[in-house]
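Inspection log for the structure reproduced underneath, given as structure tokens.
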Amino acid sequence: MTESTPVDWELARTLAYQAGLAAAGGAEDVPLGEADGRTLSEPLRTLTDLPAFPTSSIDGWAVRGTGPWRPVGRVLAGGTPAPLAEDGTCVEIATGAMVPEHTTALVRIEDSVTGADGRVSGEPRNGPVPDGRMPGEEARLGEELFPAGTPVDPAVIGVAATCGYESLSVRAVPRAALLVFGDELLTSGTPGAGRVRDSLGPQVPAWLRRYGASVGTVTGPVKDTLDAHLDAIRSALDTADLVCTTGGTMNGPVDHLHPALAELGATYLVNTVAVRPGFPMLLARVPGPDGRPRFLAGLPGNPQSAVIALVTLVAPLLAGLQGRALPPLPSVLAGAPVAGRGGFTHLALAALDTTGRTATPVGHVGSAMLRGLANAHGFAVVRPGVQVAAGDPVPFLPLPLTPGERP
């Protein structure tokens, strides 16, 4: 079947996400140093209290009873001190060192004086041990710190190391491949004589990686024949969980994607989406050679439309395949009017101001243009039948940009 009523944009995102979540990959243990960017496959729980023992947060003295105190030793970080055995004694203590048993107060070095007899006088600050870190102050043994589905970043890795983990259980990385369709495409040189330079082959793999996939083969341009399409898709499906194709999503004389999917026994999850730009996009489930489902995302050939298909269908699918939540769309204020597109959702390229609270449409946003995309932070989402005025709240779909880019 190649005919389809366009699917509502929000529904299309949900269908793609649910399909990915149902096919999420298994778990594997990876060393902490290799876990950045992965996704927790199980909750991260503490292995001890945090801190695991009482710790000094100052350089100074651990004292027992009232002063002045007689020094009886020194405690450095990494050591296990003997208890303070009697009142009127103290030990010199360093930041990060374990506080001895029977300590009644900590006195900062700057708040203390050592007399001629060697005894220490001083006043602790408010509270019994205000300059110490108590066991379980941050978390208790067995407490869930992060749920399954949490994206792993350097801070999560740091917490895991603090707990005592050497590795993390994470979801498998979805494997992606890209097939570029179109005899009119050039892979080098400048466009001319009826041929255009392929811009999707170089950029789509980078978007896929930013959404969490590993990218294997990039093939194309694939010849505009059904046999060539079938051979390329079958080859990509041998190693990829997701195959993205560019071009051929309509039903023109050299559009062979729909016939190829029929030949492969594919099932459409989404076949055309009620969104502008980007209308002729699709997502299909394809039987894999090992019995596991594979997915094929058909991206339009126009570059901006292809990116809109990526953010609409591929990003939610990859979130599901990694066991992550589908991120909600933040609300921003429109910096200028944004036109609607009748019964279609309009994804309008927009740039955020320095506060990140106001999104203003950018120029050069034709389906075949990329200049606007390169100047945008994401898309203002204008729902069907809506006209957005300057100052109106509007949902915003961010692009996966590296922090610090495009100020």
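Keep in mind the model is a prediction, meaning the values are calculated, not measured.
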Is a donor on one side and an acceptor on the other found under 3.5 Å between the side chain of [X] and the backbone of [Y]?
X: Glu137; Y: Met134; value: yes
X: Arg171; Y: Gly25; value: yes
X: Thr246; Y: Cys244; value: no
X: Asp49; Y: Arg140; value: no
X: Thr150; Y: Phe146; value: no
X: Asn302; Y: Ser305; value: no
X: Thr39; Y: Gly323; value: no
X: Arg294; Y: Val286; value: no
X: Ser331; Y: Pro395; value: no
X: Gln304; Y: Gly366; value: yes

Nearest 0.5 angstrom please: [X] [atom1] to [Y] [atom2], how far?
X: Leu208; Y: Ser214; atom1: CG; atom2: OG; value: 9.5 Å
X: Arg371; Y: His364; atom1: CZ; atom2: NE2; value: 3.5 Å
X: Leu317; Y: Leu283; atom1: CG; atom2: CG; value: 5.5 Å
X: Leu299; Y: Leu282; atom1: CG; atom2: CG; value: 8.5 Å
X: Ser167; Y: Asp29; atom1: OG; atom2: CG; value: 4.5 Å
X: Glu263; Y: Leu230; atom1: CD; atom2: CG; value: 5.5 Å

Ring centers of Phe379, Phe396 separated by less than 6.0 Å: no
Do [X] and [Y] come close enough that some side-chain heavy atom pair is under 4.5 Å?
X: Leu296; Y: Leu261; value: yes
X: Ile157; Y: Asp153; value: no
X: Val273; Y: Pro6; value: no
X: Val365; Y: Pro361; value: no
X: Gln387; Y: Pro337; value: no
X: Leu185; Y: Asp183; value: no
X: Val180; Y: Val222; value: no
X: Leu178; Y: Thr219; value: no

[X] and [Y] ion-paired at < 4.0 Å:
X: Asp241; Y: Arg292; result: yes
X: Arg383; Y: Glu10; result: yes
X: Asp238; Y: Arg175; result: no
X: Glu86; Y: Arg70; result: yes
X: Glu144; Y: Arg45; result: yes
X: Glu184; Y: Arg197; result: no

Looking only at non-hydrogen atoms, find the nearest pair between [X] and [Y] and report the distance.
X: Ala350; Y: Ala380; value: CB-N, 4.4 Å
X: Leu15; Y: Leu269; value: CD1-O, 3.9 Å
X: Pro100; Y: Ile93; value: CD-CD1, 4.2 Å
X: Ala23; Y: Leu321; value: O-CD2, 3.6 Å
X: Ser367; Y: Pro277; value: OG-CB, 3.5 Å
X: Thr103; Y: Leu106; value: CG2-CD2, 4.3 Å

Could you work out, with ring-ring contact (aromatic ring centres under 6.0 Å, His included) as the rule, every residue matching His229, not counting sequence neighbours? Phe181, His256
Pair [X], [Y]: side-chain N/O donor-acceptor within cut-off below 3.5 Å:
X: Thr267; Y: Arg285; answer: no
X: Ser57; Y: Asp131; answer: no
X: Arg64; Y: Thr89; answer: no
X: Ser112; Y: Trp61; answer: yes

Considering residues, nucleotides and ligands other than Glu166, do more than 12 of their heavy atoms fall under 6.0 Å from its CD? no
Step by step, work out the side-chain contact (heavy atoms from CB on, under 4.5 Å) result for Val394 and Val338. CA-CA 10 Å; Val394 63; Val338 188; over 6 Å; no
Contacts of Arg234 that satisfy salt bridge (Lys or Arg N to Asp or Glu O under 4.0 Å) - sequence neighbours left out: none
Under the salt bridge (charged side-chain N to carboxylate O under 4.0 Å, His left out) rule, what do Arg125 and Asp111 come out as? Steps first, then yes or no, please. CA-CA 9 Å; Arg125 302 203 176 182; Asp111 294 338; 2.9 Å; yes
Could you walk me through whether Leu44 and Tyr165 pass the side-chain contact (heavy atoms from CB on, under 4.5 Å) test, one step at a time? CA-CA 10 Å; Leu44 182 69; Tyr165 286 90; 3.4 Å; yes
Does Arg13 make a cation-pi contact with Tyr17 (under 6.0 Å, within 45 degrees of the axis)? no
Please name the residue in the list Ile308, Thr312, Leu329 that meets the side-chain contact (heavy atoms from CB on, under 4.5 Å) test with Leu397. Leu329
Evaluate the criterion side-chain contact (heavy atoms from CB on, under 4.5 Å) for residue pair His102 and Asp87; output intermediate values, then yes/no. CA-CA 9 Å; His102 309 312; Asp87 286 349; over 6 Å; no
Any chance you could lay out the side-chain contact (heavy atoms from CB on, under 4.5 Å) test for Val382 and Thr345, step after step, and finish with the verdict? CA-CA 6 Å; Val382 182; Thr345 294; over 6 Å; no
Run Thr95 and Asp59 through side chain to side chain donor-acceptor pair (under 3.5 Å) and show every step you take. CA-CA 5 Å; Thr95 299; Asp59 293 325; 3.1 Å; yes
